Amino acid sequence: MSDSLHDAIQAEIAKYPDRRSAILAALRLAQAKYRWLSPEAFEEVSRCIDLPVAQCVAVASFYDMYFLEPVGEHVVEVCTNVSCALVGAADVVAAFEMELGCSLGSTSADGKVTLRPVECLGGCGWGPVVSIDHRYHEHFTADDVKPVVAGLRTSEGGH
Amino acid sequence: MAATETNLVTVTFDGRELQVAPGTPLVVAAAEVGIEIPVFCYEPRLGPPIGACRMCLVEVEIGGRAMPKLQAACTMTTQDGMVVRTAATSAPAKEGQDAVLEFLLLNHPLDCPVCDKGGECPLQDLTFRYGPGTSRMTIPKRTYEKPLPISPSVLIDRERCILCYRCTRFSSDVAEDGELVARERGARSVIATFEERPYVGAFSGNVTELCPVGALLPTPYRFKARPWEIVNVPTVCTGCAVGCNTWVTLREGKAERVISRNHPEVDEGWLCDRGRFARHEPLVERLAEPLIRDSSGLHPATWEEATRSTAQRLRHVSALKGAGAVAIVTGGNLTNEEAYGWAAIARSVGARTASGPVAAAGEWERLDPYAARIDDLDRSDLIVVIGDADVADRAGVVDLRIRKARRAGAHLAIVSAGGTILERDAGSFVAAPAGSAAAIVAALAGAGAAPAGVDLADLGARLAVASHPVLVVTDPIAIALIEQLAHTLRLHERGGVLPMPRGANERGARLAGLSGGGDAVLAGLESGEIRAVVLVGLDPTAEWPEAERWHMALAQADHVVTVSAFVNSAVSWSHIVLPQTVDHEREGTVTNLEGRIQRLRPVTKGPSGRSDLVAIAAIAEVLGVPVAPTPAKVYATLAADLTVPLSWSQLNGRAPLPSRGREARAPKKVAAPKAPPAPAAGRFVLVAPRPLFAGPAVERTAALAHQRAPWVMLNHADADALGVAEHDVISVTHAGGTHTGPLRISRRLVAGAVRINWAGAPATGDATVVRS
């Protein structure tokens, strides 16, 4: 057991009257450590927070921000909901697919970048919105893709 | 209803006016004026309503103003002046309900003709009664792989699921195991376990009864019967001393299924998986005919020969060696009538009797002045559980009742060696050395010091001020000690003690005359005083402590008569073997842990085709003792002797528990027990209470194999010291054998102890722990 994660989760639990309330934070800490939430990571979180492991998965699988499958060093998420779709999200997705050589929902062959769709990020007035390593980029167009991908391919993991 | 006239509010349902307590869910209030509002997710036993299915939509008007949208009648509660229009009188409500049903059926396969639920399915019934009758669905429905096992005893068909969340609410809010959850979100939600691992929980089968569609089904019942060709017979589970009320589903002479028959004072409609699933497999190794031993071994005999020979041997030994040379021993699993019959036989041959392994731990009647009812837990403000065994292992669904009381605000205090499933959400947990329940009880009663390092001050203070404390001692300790604590705490005036007998009818067997303990019988056998022994429904070498001594002692006896349903190790040295009936083959009454007398109805016949009482009566007849061969007649005699106020015919349906006098006399002082010896260096104290999933029926039920899979539990510091991690396979060797299973690490199990789910003969003492 990695005690730093255990201690960090205990610190989150201490903020709430009920340890269940710390579950989002506990999952975020585990994802920060392991990059994605593997079954083993869920079991570790479950032990640290003393809640059934299935409940940890239930919460994590509800939210788009938790990765239940391995991801690359960087994660590019394109909003494909209606507002972004109307202003060209599909073109942005196609450009990323072309540039990365992988389809939406998968990781580039070099393991550097994962491309995934995401539900509304709350930037409907500034679409298309793209989240790169959890940082939002507004009015993103297909032309922006090339330099962004080049930058990601040469930099260390950042999410 | 407790509410006074002035508290009531006036609500109108479809023009019918009703006076009702404010805050009552509309679905409940409507039922009071005879109006059904259909529901799928509403189930008050699962806690507050969640309004998930939307089937109960109604139009609501308060103070002359219509609420802008349709309301869910399960979450909306009564207020004064409310006018409610259901789908029966309101066009918008009808339209809403039709739309909801259309949505619920959007992806439902409508495969009722091949669905086990068909014919007893709320979705089918309500669609038929309220549904639009046609579908506009022209595109293909979503499909899933099906059926998938949720566990070896429960299947899921996700296509049929309407996502009402009853099952996940049961798992998280009733059983509190949290194993069954909804994964993903919205239309992609599925009911699942972690990594598709089996749902392991003592109460998992209840989700198959809660499911209002054919999504969660009991595997052993799959494709076994259609509802129009079955008969559900009301009876009582005899798996433990709770006595849950059940229906046994009978089809063409075969018992195919056990479901609950809600007795609110006893089980609230829950069953444990042992009660629900054990005994459903084809029963191998059942004894079908009597056997008598001659020089060449055991041979089939007629009932007449076997019962006559039994009687003659008992009479012969008694005449030759005097009173006390015969012993009749039972594990407390007989009916009251069978126990009465054996007690009559015992009296006529001067036999010693036993209804449990240890006399001092079986004197349940001592607790009568302090006895709590199961539903006293609902009124309790403090529940104290003392002992290393889990409540669920001793008394199944009482665990759920304790959790419910805790959720309602009762403080749950647990004193144990740790590692029980109940302790996780307890209000307070006091770690005590393994095997120290007797010392804890004595210390709380002021009759001794608490074990070193155990601080009982907080618990003592809570006990002193609680208005309705309920005490549960799960480990088998001297009842006199519990009596002393109960008297000290004045539990005859407030709260009470919930007895935890080991045998399903241990209390009834004692009352009927089979009192005494196996310890005295064992000593008598060893000294040669007892020459003949009758083992009724019990193999002491498999179920009682001192298995090795019992083995030797029984081998020395001149006559061993075994009355058993299964071939067990005692059969191998028996001189006479009489087949016995089990659970739903039996007729008579049993007395549960509260003292409630409930009636068993014979659903099927045992392989021998004969009731146990007929055999007992035949033995008694040879001995010249009158025992009627029918339970109703024996019960009448028994009831008169015991001044039980209920007649046979009053035992129908949900049996009441007549109130008892609570006159308590100061008990005799009992010496404080000795502390258990510390283990030798490098060895661990063994904590091995008998698990719920143990015994001959469980062992023979494939659908329960996952529930009894062995595991080993260690404290995290001990695990670190041994260099072992969660899931490592660990072997624990103790005096009774070796137990091997994956490691569970606990932060509450006391250091220096190892907990195992050992289903063999009771084991205590110390053990070695190694990675295997």
Side-chain angles (χ1 to χ4, degrees), chain A residues 1-7 9-10 13 16-24 26-27 30 34 36-70 77 79-82 105 116-121, chain B residues 150-151 163 165 167-201 204 207 407 418-419 421 423-427 429 713 715-717 719-720 723-728 742-748:
Chain A
M1 178 174 299
S2 81
D3 277 324
S4 59
L5 181 59
H6 182 267
D7 295 346
I9 290 177
Q10 298 316 307
I13 292 172
Y16 303 96
D18 176 346
R19 62 179 188 274
R20 183 184 299 263
S21 309
I23 196 160
L24 288 174
L27 291 165
Y34 298 115
W36 69 290
L37 294 170
S38 64
E40 294 73 27
F42 277 120
E43 288 194 306
E44 187 175 343
V45 169
S46 156
R47 276 199 300 278
C48 292
I49 200 168
D50 204 5
L51 285 173
V53 62
Q55 303 218 316
C56 299
V57 177
V59 170
S61 65
F62 185 89
Y63 294 99
D64 259 359
M65 295 75 107
Y66 296 109
F67 305 141
L68 306 187
E69 275 161 21
E77 294 169 300
C79 173
T80 52
N81 283 181
V82 75
R116 62 197 297 266
V118 70
E119 304 298 332
C120 182
L121 295 171
Chain B
I150 282 288
S151 74
L163 293 172
Y165 303 110
C167 53
T168 58
R169 287 161 74 202
F170 175 82
S171 175
S172 67
D173 303 344
V174 179
E176 300 182 344
D177 54 48
E179 292 226 1
L180 198 62
V181 295
R183 227 166 41 196
E184 301 285 338
R185 173 181 71 226
R188 290 169 59 194
S189 303
V190 289
I191 303 302
T193 58
F194 175 64
E195 291 287 297
E196 324 307 330
R197 288 186 197 161
Y199 181 3
V200 179
S204 70
V207 300
R407 289 191 302 271
I421 57 165
E423 73 202 28
R424 183 160 69 193
D425 294 297
F429 170 74
M713 187 187 284
N715 174 282
H716 64 109
D720 285 349
V724 291
E726 186 103 3
H727 307 315
D728 283 358
L743 179 64
R744 298 180 178 186
I745 291 176
S746 166
R747 285 182 177 261
R748 280 180 300 260

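Chain identifiers are assigned alphabetically (A, B, ...) following the order of the sequence lines, protein sequences preceding nucleic acid strands; residue numbering begins at 1 within each chain. Note that the structure is a prediction, hence the values are computed from the model and not measured.
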Atom [atom1] in [X], atom [atom2] in [Y]: separation rounded to 0.5 Å?
{"X": "B:Glu195", "Y": "A:Glu40", "atom1": "CD", "atom2": "CD", "answer": "7.5 Å"}
{"X": "A:Glu119", "Y": "B:Arg185", "atom1": "CD", "atom2": "CZ", "answer": "5.0 Å"}
{"X": "B:Asp425", "Y": "A:Asp50", "atom1": "CG", "atom2": "CG", "answer": "8.0 Å"}

*Please say whether more than 12 non-hydrogen atoms of neighbouring residues, nucleotides or ligands are located less than 6.0 Å from CZ in B:Arg424.*
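For B:Arg424, atom CZ is crowded (more than 12 foreign heavy atoms under 6.0 Å).
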*asked:* Testing the basics here: between A:Pro52 and B:Gly178, what is the closest heavy-atom pair and its distance to 0.1 Å?
replied: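 Where A:Pro52 meets B:Gly178 most closely, the heavy atoms are CB-O, 3.5 Å.
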*Would you mind checking which part of B:Ser172 comes under 4.5 Å of any heavy atom in chain A, side chain (CB onward), backbone (N, CA, C, O), both or neither?*
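B:Ser172 touches chain A through backbone and side-chain heavy atoms alike.
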_So for B:Arg748, is it side chain, backbone, both, or neither that comes closer than 4.5 Å to the heavy atoms of chain A?_
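The side chain, not the backbone.
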_When B:Arg183, B:Glu179, B:Glu184 are compared by non-hydrogen pairs under 4.5 Å with chain A, the top option_ =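 Greatest number of close heavy-atom pairs with chain A: B:Glu184.
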*Interchain contact, A:Asp64 with chain B, by part (heavy-atom threshold 4.5 Å)*: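 It is both, since atoms from each part get that close.
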*Measure A:Phe42 against the heavy atoms of chain B and call it side chain, backbone, both or neither at under 4.5 Å.*
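Contact with chain B: side chain only.
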*Applying side-chain contact (heavy atoms from CB on, under 4.5 Å), name anything that partners A:Ala54, two or more places apart in sequence or on another chain.*
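Only B:Val181, B:Phe194 meet the side-chain contact (heavy atoms from CB on, under 4.5 Å) criterion with A:Ala54.
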_I'd like to know whether B:Arg197 forms a side chain to side chain contact (heavy atoms under 4.5 Å, CB included) with A:Val53, so could you lay out the CA-CA distance, the side-chain angles of the two residues, the decisive distance to 0.1 Å, and finally the verdict._
CA-CA 11 Å; B:Arg197 288 186 197 161; A:Val53 62; 5.6 Å; no
_Are the side chains of B:His716 and A:Arg47 in contact, using a 4.5 Å heavy-atom criterion?_
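A:Arg47 vs B:His716: side chains apart.
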